[in-house]
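Heads up: the structure comes next, in structure tokens.
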Amino acid sequence: MSLMPTVRIVGDGNFIDPWCDRWIPELGVATPKPNTSPDSLLKVSDFIEPATRTWDRVKLNQHFDQSSIERIVKIPLSVSPSSDRRAWDLTRDGKFTTKSAYHGLRGIRDDPTSKVWKKIWRTKIPYRVQVFIWRCAKNALPTRDNLSLRVQLPSILCPFCQTSPETIMHVLITCPISSRIWFQSRLNMRTVAFLGKPIMDWFRFCLGEAPFLYSQEKDESFPLVACLMWSIWLSRNNMIHNAKTDSPFLIIN
């Protein structure tokens, strides 16, 4: 269980990721249309007709399976666009209560990763980067390896090196291309020790959580770690969707 047991309430849809956020009643995340590759740049707003504030069924049919579409079109949209909201998932009315939080936390108080979650959410970085890091830790990014569990893809190999499956750990940390970026950055980090390791080991190391040693320096450098992971991910998307290869200098800076 995460430290944020929330679901997304659709407003304008600008900040809801259809593949990772829980926004569809009874389903949570959307399921891609069979034999299609999910576009990781899409937001829920791309499926809303701005003039009529109705669901664009043509676009829905292009990207989602029938089960997802049937539930999406039942989601009410306000006449005028409003910001997306979060609802608390531990109460029936979606409102936060200390009692529900207490019962929810009872399930994670002995979770050894709970300190990692807390540190991630306390890190002073842009909110979008914070959410991105949280998704990394939850293995909820639309990498080829993750998407292949739901749809058939032509390839699950990393778009950077084309030699290993594109897991979150590989594409952001241990891929030879990414590894070079980490070493050339001012962090001067060698990532070879994390080959074959889960992504949470990376976060424990960078945040100084057991079994790794804590230091104030790690706390101070984690915002840079998070932003560099985000920059590598943006470069990955630029390569896939725009066929452009960013230089290590551009990614680092």
What's the separation between atom CG in Asp219 and atom OG in Ser221, rounded to the nearest 0.5 Å?
8.0 Å
Flag yes if Leu60 and Val29 sit in one hydrophobic cluster, no otherwise; membership is Ile, Leu, Val, Met, Phe, Trp, Tyr, and two members link when side-chain heavy atoms are under 4.5 Å apart.
no
Which label fits Tyr127 and Trp121: parallel for a plane angle under 30°, tilted from 30 to 60°, or perpendicular past 60°?
tilted
Contact between His241 and Leu41 at the side-chain level, heavy atoms closer than 4.5 Å - yes or no?
yes
Taking ILVMFWY side chains as joined if any heavy atoms are under 4.5 angstrom apart, and letting links pass through other members, which residues group with Phe249?
none
So Gln66 and Lys33, do their side chains get closer than 4.5 Å, heavy atoms only?
no
Please give me the minimum heavy-atom distance between Leu157 and Arg144, naming the atom from each residue.
O-NH1, 2.7 Å
For atom CD of Glu217, decide whether the heavy atoms of other residues, nucleotides or ligands shown that lie under 6.0 angstrom number more than 12.
no
I'd like to check the salt bridge (Lys or Arg N to Asp or Glu O under 4.0 Å) partners of Asp12; sequence neighbours left out, ordered by chain and number.
none
So, do Pro32 and His63 sit near enough that their side-chain heavy atoms are less than 4.5 Å apart?
no
Same cluster for Trp117 and Tyr214 if Ile/Leu/Val/Met/Phe/Trp/Tyr side chains link at under 4.5 Å?
no
Here the gap from Ser247 atom OG to Ile252 atom CD1, rounded to the nearest 0.5 Å, amounts to 8.5 Å
Would you name the heavy atoms of Phe203 and Cys136 that are closest together and state the gap between them?
CZ-CB, 3.9 Å
Here the salt bridge (charged side-chain N to carboxylate O under 4.0 Å, His left out) pairs for residues 71-83, sequence neighbours left out, are Glu26-Arg71
Contacts of Thr163 that satisfy side-chain hydrogen bond (donor to acceptor under 3.5 Å, both in side chains) - sequence neighbours left out
none
CG of Leu149: more than 12 outside heavy atoms within 6.0 angstrom?
yes
Taking the side chain as every heavy atom from C-beta outward, state whether Phe15 and Asp21 have any atom pair closer than 4.5 Å.
no
Summary of ring-ring contact (aromatic ring centres under 6.0 Å, His included) pairs that have at least one residue in residues 147-174, sequence neighbours excluded:
none
A side-chain contact here means heavy atoms from C-beta on lying under 4.5 Å apart; do Ile69 and Asn61 qualify?
yes
Can a donor-acceptor pair be found, under 3.5 Å and without considering hydrogens, that links the side chain of Ser68 to the backbone of Ala30?
no
Under a 4.5 Å side-chain heavy-atom rule over Ile, Leu, Val, Met, Phe, Trp and Tyr, are Ile199 and Phe212 clustered together?
yes
For Gln130 and Ile120, indicate whether the former's side chain and the latter's backbone hold a donor-acceptor pair under 3.5 Å.
yes
Check whether Val171 and Leu187 end up in the same hydrophobic cluster, where Ile, Leu, Val, Met, Phe, Trp and Tyr are linked by side-chain heavy atoms less than 4.5 Å apart.
yes
Measuring from atom CG of Leu195 to atom CD1 of Ile173, what distance do you get when rounded to the nearest 0.5 angstrom?
11.0 Å
Once rounded to the nearest 0.5 Å, what's the spacing between atom CZ of Arg122 and atom CZ of Phe222?
13.5 Å
Short side-chain to backbone donor-acceptor contact, Thr123 and Ile125, under 3.5 Å
no
Mind jotting down which residue pairs meet the salt bridge (charged side-chain N to carboxylate O under 4.0 Å, His left out) criterion with at least one end in residues 39-63? Sequence neighbours excluded, please.
none
Atom pairs and distances, donor-acceptor, side-chain atoms in residues 227-235, under 3.5 Å, two or more places apart:
from	atom 1	to	atom 2	distance (Å)
Ser231	OG	Ile251	O	2.6
Ser235	OG	Asp246	OD2	3.2

How many angstroms lie between OG1 in Thr191 and CE in Met189, if you round to the nearest 0.5 Å?
8.0 Å
Could you go step by step and tell me if Ile48 and Thr54 meet the side-chain contact (heavy atoms from CB on, under 4.5 Å) rule?
CA-CA 6 Å; Ile48 299 174; Thr54 56; over 6 Å; no
Are Leu250 and Ile181 in one and the same hydrophobic cluster, where Ile, Leu, Val, Met, Phe, Trp and Tyr link if side-chain heavy atoms are under 4.5 Å apart?
no
Residue pair Ile156, Glu166: steps toward the side-chain contact (heavy atoms from CB on, under 4.5 Å) verdict:
CA-CA 6 Å; Ile156 64 168; Glu166 191 201 25; over 6 Å; no
Looking at residues at least two apart in the chain, or sitting in another chain, which of them share a ring pair (Phe, Tyr, Trp, His ring centres under 6.0 Å) with Trp202?
Trp182, Phe194
When you measure from the side chain of Trp55 to the backbone N and O of Ile72, does any donor-acceptor pair fall under 3.5 Å?
yes
Supply the atom-to-atom distance Leu207 CG to Lys119 NZ, rounded to the nearest 0.5 angstrom.
5.5 Å
Asp17: salt bridge (Lys or Arg N to Asp or Glu O under 4.0 Å) partners, not counting sequence neighbours:
Arg135
Who passes ring pair (Phe, Tyr, Trp, His ring centres under 6.0 Å) against Phe183, sequence neighbours left out?
none
Test: salt bridge (charged side-chain N to carboxylate O under 4.0 Å, His left out). Region: residues 174-185. Which pairs qualify, not counting sequence neighbours?
none
With a 3.5 Å cut-off and no angle check, do the side chains of Ser148 and Asp145 form a donor-acceptor pair?
no
Backbone of Gly11 reached by a side-chain donor or acceptor of Ser82 within 3.5 Å:
no
With a 4.5 Å limit on heavy-atom distance, are the side chains of Lys197 and Met169 in contact?
yes
If we only count heavy atoms from C-beta on, is the Thr167 to Thr143 side-chain gap below 4.5 Å?
no
Heavy-atom closest contact (Ala226 atom, Val129 atom, distance):
O-CG1, 3.8 Å
Quick one: does any side-chain atom of Asn146 pair with a main-chain N or O of Leu141 as donor and acceptor, under 3.5 Å?
yes
If you measure only the distance, is there a donor-acceptor pair under 3.5 Å linking the side chains of Thr174 and Ser179?
no
Applying ring pair (Phe, Tyr, Trp, His ring centres under 6.0 Å) to Phe64 and not counting sequence neighbours gives Trp19, Phe47
